[in-house]
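Here is how names work: the chains are called A, B, and so on, in the same order as the sequence lines, proteins then strands, and each is numbered from 1.
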There are 2 protein chains.
Amino acid sequence: MASVPLHISISEKLRDQIASGVYAPGEKLPSEHQMMAAFGVSRITVRQAIANLVNQGLAQSKQGKGVFVTPQTKVAYSLSSPLVLLESDLAQKGIKLTFENISFKKVRPPENVRAILGLTEPSAYFQKKLLSMNGSVGAVDITYILPELGQQFGPQLKRKMTFPVLEENAIAIERIEATIECTHADYEMSGHLEVPLGQPLIVYRYTAYSNPDKPILQGETISRADRFCYALTVKRSAP
Amino acid sequence: MASVPLHISISEKLRDQIASGVYAPGEKLPSEHQMMAAFGVSRITVRQAIANLVNQGLAQSKQGKGVFVTPQTKVAYSLSSPLVLLESDLAQKGIKLTFENISFKKVRPPENVRAILGLTEPSAYFQKKLLSMNGSVGAVDITYILPELGQQFGPQLKRKMTFPVLEENAIAIERIEATIECTHADYEMSGHLEVPLGQPLIVYRYTAYSNPDKPILQGETISRADRFCYALTVKRSAP
DNA sequence: TAACTTTACTTGTTATAACAAGCTAGTGAT
DNA sequence: ATCACTAGCTTGTTATAACAAGTAAAGTTA
């Protein structure tokens with residue numbers, strides 16, 4: 001019975017109380033001093049229990065103020081294509097997508113991107129957008145686009161999301177290859193997405209092809225994990 | 001200058017050494033005692049610095065052995081259906097999927113699962129499998145199955161993965177609704193997946209329907225984030 | 001009243017200490 | 001040679017202690 005460490009049983013007790021609504025989202029938990037008395041343990045044990053909650057994303061501590069239950073802001077994205085955020089998809093769910101252009105310029109892409117895009121010339125267009133869902137910062141979108149497309153559609157790409165621009169201009173996208181994985185916030189992303197260093201992030205990485213062999217853009221969308229939920233429905237033919 | 005906490009500057013020094021190859025992936029870091037001497041700080045500071053590395057996914061500690069640089073073992077899953085691990089999909093990539101039955105029993109499912117499955121009776125079959133890719137523990141699969149299916153196919157479900165059993169028995173799966181999101185390891189999952197408490201995990205949550213209105217199973221696959229990479233190719237019709 | 005200071009409360013950092021528990025290698029007995 | 005055990009390493013848990021630093025409200029001064 002006593003094989004479970006004290007800090008674990010305390011944090012699980014607190015987790016259950018949060019789940020059952022004893023402590024509402026945004027509400028302040030008891031102070032460390034109060035918990036020491038309530039559970040009859042030392043401060044280091046209380047702090048370990050709180051650290052568990054913070055690591056599990058259930059609470060956030062603020063020096064000088066207290067520990068607060070994480071407000072739930074998770075958003076479900078229902079996407080028509082994997083890894084491609086379309087305003088129309090999100091609007092269906094009542095989510096308003098806004099974005100801010102951080103960067104749009106001609107650059108020399110990293111070697112792996114040049115290989116994927118099959119670039120003979122050394123440069124491509126690079127764009128970085130900061131995406132917000134219902135006004136709350138949620139993701140950074142980084143895209144490399146073939147130089148001829150970037151040059152031609154630059155003004156439109158600055159005003160709208162990438163895929164709608166291509167579709168409106170009848171650039172056929174034959175297929176999209178995509179991967180999804182989990183990483184941790186480095187210093188740059190921690191600044192963009194307003195999360196502490198090391199927080200988990202979701203990376204969508206995608207390549208769009210205009211015909212079976214012709215990749216036209218390569219990009220990644222890096223989302224806050226706490227505001228991320230990706231939904232998909234797939235019909236299966238009977239075996 | 002001294003405004004940065006000691007444990008931060010120590011963990012950043014270690015991070016740089018890991019990045020520059022002083023400590024190779026899988027290699028053991030110096031012991032806490034050695035670090036105390038090397039940096040001239042107390043054990044609690046060394047442990048805090050190591051905790052930072054672990055939270056950033058750069059290192060893993062093992063009681064009795066030491067702290068090791070995280071080996072890069074990321075595996076790309078290319079799946080024919082979202083959130084459903086099929087041996088055939090993985091075999092295509094040269095990944096051998098094995099599993100161990102942790103639990104198979106009749107239980108009273110939680111309220112949300114009963115609502116999804118439309119259960120009038122109070123019970124359903126519950127199975128929990130521990131999945132390994134190429135011998136390395138990667139995911140826990142938890143599934144609730146309609147009682148009539150669980151009873152009928154129990155012996156097969158203990159020996160094989162769920163979807164192959166259903167398909168071989170001509171249980172038509174009309175469609176699968178799935179979501180993917182990021183959570184953190186609680187005590188139970190931390191034990192199953194051999195990761196520290198609070199490490200990011202990926203949750204696939206899926207519902208399979210035998211006809212448009214008839215859900216037959218509900219489950220989730222909880223993957224280690226450091227061994228997770230989900231790949232999908234989608235063909236798009238021209239606009 | 002307005003601005004400043006003090007005070008009390010909060011979490012953050014760091015040290016010392018002791019014991020528990022997991023792992024490994026060597027020791028010794030059979 | 002094989003097995004059990006012990007010694008010595010490792011990280012994990014928990015306690016006590018002190019000070020730093022951020023916050024907010026009360027009190028004080030101009």
| request: Could you list the residues that satisfy side chain to side chain contact (heavy atoms under 4.5 Å, CB included) with B/Ile8, not counting sequence neighbours? | output: B/Val4, B/Pro5, B/Glu12, B/Asn52
| message | Please determine whether a side-chain nitrogen of the Lys or Arg among A/Glu100 and A/Lys129 lies less than 4.0 Å from a carboxylate oxygen of the Asp or Glu. | response | no
| task | In sequence, state the C-alpha distance, the side-chain angles, and the governing distance for B/Gln199 and B/His184, and then conclude on side-chain contact (heavy atoms from CB on, under 4.5 Å). | result | CA-CA 5 Å; B/Gln199 280 291 100; B/His184 303 263; over 6 Å; no
| field | Closest non-hydrogen atom pair, B/Tyr23 against B/Lys28 | value | CD2-O, 4.4 Å
| request: Would you mind telling me which of B/Gln218, B/Glu220, B/Glu177 makes a side-chain hydrogen bond (donor to acceptor under 3.5 Å, both in side chains) with B/Arg205? | output: B/Glu220
| message | Just the rounded figure in Å: distance from C1' of C/dT14 to CD of B/Gln48. | response | 10 Å
| If only side-chain N and O atoms of B/Arg47 are considered, is one of them under 4.0 Å from the OP1 or OP2 phosphate oxygen of D/dT11? | no
| request: Check B/Leu119 against B/Ala124 and note the closest heavy-atom contact, atom names and distance. | output: CD1-CB, 3.9 Å
| request: Not counting sequence neighbours, which residues clear ring pair (Phe, Tyr, Trp, His ring centres under 6.0 Å) with B/Phe104? List them please. | output: B/Tyr125
| note | Numerically ordered, the residues 51-59 of chain A set in heavy-atom contact under 4.0 Å with DNA chain D is none
| query | Quick one: bend of the helix from C/dT1-D/dA30 to C/dT30-D/dA1 from 5 pairs per end, to 10°? | reply | 10°
| note | Residues B/Leu146 and B/Pro215: closest non-hydrogen pair is CD1-O, 3.8 Å
| remark: To the nearest angstrom, the CZ-P distance between B/Arg43 and C/dA18 comes to 13 Å
| request: Evaluate the side-chain proximity of B/Lys128 to B/Asp141: yes if any heavy-atom separation is below 4.5 Å, no if none is. | output: no
Nucleotide N/O to protein N/O under 3.5 Å, stretch nucleotides 4-10 of chain C:
| from | atom 1 | to | atom 2 | distance (Å) |
| --- | --- | --- | --- | --- |
| C/dT10 | OP1 | A/Ser31 | OG | 3.4 |

| request: Using heavy atoms to find the nearest nucleotide of DNA chain D for B/Ile44 and B/Leu29 separately, return the residue whose nucleotide is more 5′. | output: B/Leu29
| remark: A/Phe126 meets the ring pair (Phe, Tyr, Trp, His ring centres under 6.0 Å) criterion, sequence neighbours left out, with A/Tyr144
| query | Can you check whether B/Leu130 reaches B/Val137 side chain to side chain, under 4.5 Å on heavy atoms? | reply | yes
| task | Tell me what B/Leu6 touches on the nucleic acid: a base, only sugar-phosphate, or nothing, going by heavy atoms under 4.0 Å. | result | sugar-phosphate
| query | Quick one: B/His7 NE2 to C/dT11 C1', roughly how many Å, whole number? | reply | 12 Å
| said: Nearest whole Å is fine: how far is D/dT14 C1' from A/Ile10 CD1? | reply: 11 Å
| field | OP1 or OP2 of D/dT13 under 4.0 Å from side-chain N/O of A/Thr45 | value | no
